[in-house]
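Data block below; observations after.
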Amino acid sequence: EAGVVQSPRYKIIEKKQPVAFWCNPISGHNTLYWYRQNLGQGPELLIRYENEEAVDDSQLPKDRFSAERLKGVDSTLKIQPAELGDSAVYLCASSLDRTGKNEQFFGPGTRLTVL
Amino acid sequence: AQKITQTQPGMFVQEKEAVTLDCTYDTSDPSYGLFWYKQPSSGEMIFLIYQGSYDQQNATEGRYSLNFQKARKSANLVISASQLGDSAMYFCAMREAGYGGATNKLIFGTGTLLAVQP
């Protein structure tokens, strides 16, 4: 079974430029998460989707970040314009169940460097 | 507010020995779940073990076991018979039930970097 797929794996851009990350969750997983992981820290949730609905975006900086999950499958996270402080690893995860263990499966992440 | 604390920035262990990674948590919710994830240098978060707050027994998964002490709000990970491939960052995380059911939001600690020496 294929895991969570993310692209690109690495991205280097100059500040004020736009950037987009793509995530394809595990087939059949209804819940999709975007996390940001700063250097030396644990991941922090940016947004969570249940199917195509964003049910928790309280931590998403909405002035410059946007996300979409068309048809409740793959998802795109966008930053426009990027700032130096956005340099981080952006992790996508997916899960199937809403109760119980509800294990989240993570992708390899996209490492963003803003110069 | 919910919080996860990992006080060990780094740990060394000899190959084939056991090691305990500490995790304490803070929550006012009686229903929660505790997770441990491994993050090798490749960056992917790998699920290791889960403990529900109402589980009576400590969770075990192969060489991994979770020492759950509810009254002390600790959920330490024990890795037995360490292997070189165990060298990685280890994150403790908590999920609260929240209002109306599971929120599915994980709160992570800052991690512990484990180095297994031959």
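Note on naming: letters A, B, ... go to the chains in the order of the sequence lines (proteins, then strands), and numbering restarts at 1 for each one.
- Distance check: B:Leu48 CG to A:Glu103 CD gives 9.5 Å after rounding to the nearest 0.5 Å.
- Residue contact with chain A, scored on non-hydrogen atoms closer than 4.5 Å, involves the side chain of B:Gln39 exclusively.
- For CD of B:Gln2, the number of neighbouring non-hydrogen atoms (other residues, nucleotides, ligands) closer than 6.0 Å is greater than 12.
- A:Tyr90 and A:Tyr33 fall into different hydrophobic clusters, defined by Ile, Leu, Val, Met, Phe, Trp and Tyr side-chain heavy atoms under 4.5 Å apart, directly or through other members.
- Hydrophobic cluster membership is shared by B:Val13 and B:Tyr90, with clusters built from Ile, Leu, Val, Met, Phe, Trp and Tyr side chains linked at under 4.5 angstrom.
- Only the side chain of A:Gln37 comes within contact range of chain B, judged by heavy atoms closer than 4.5 Å.
- Proximity to chain B (any heavy atom under 4.5 Å) is restricted, for A:Arg9, to the side chain, taken from C-beta onward.
- To the nearest 0.5 Å, atoms OG (A:Ser58) and NZ (B:Lys105) are separated by 5.0 Å.
- Hydrophobic clustering of Ile, Leu, Val, Met, Phe, Trp and Tyr side chains at less than 4.5 Å, counting indirect connections, keeps A:Leu32 apart from A:Leu45.
- A distance below 6.0 Å separates the ring centres of A:Phe106 and B:Tyr37.
- Note: the hydrophobic cluster containing A:Leu84 also contains A:Leu46 (ILVMFWY, side chain heavy atoms under 4.5 Å, direct or indirect links).
- Residues A:Tyr35 and B:Leu106 are in side-chain contact: their nearest non-hydrogen atoms beyond the backbone lie under 4.5 Å apart.
- Each of A:Gly40, A:Gly42, A:Gly109, A:Ala93 has some count of heavy-atom pairs under 4.5 Å with chain B, and the biggest count is that of A:Gly42.
- Neither A:Trp34 nor B:Phe108 shares a network with the other; the hydrophobic side chains, linked directly or stepwise wherever heavy atoms of I, L, V, M, F, W or Y lie under 4.5 Å apart, form separate groups for each.
- The number of heavy atoms from other shown groups lying within 6.0 Å of NZ (A:Lys11) does not exceed 12.
- Looking at B:Thr110, the atoms closer than 4.5 Å to chain A (heavy atoms on both sides) sit in the backbone and in the side chain alike.
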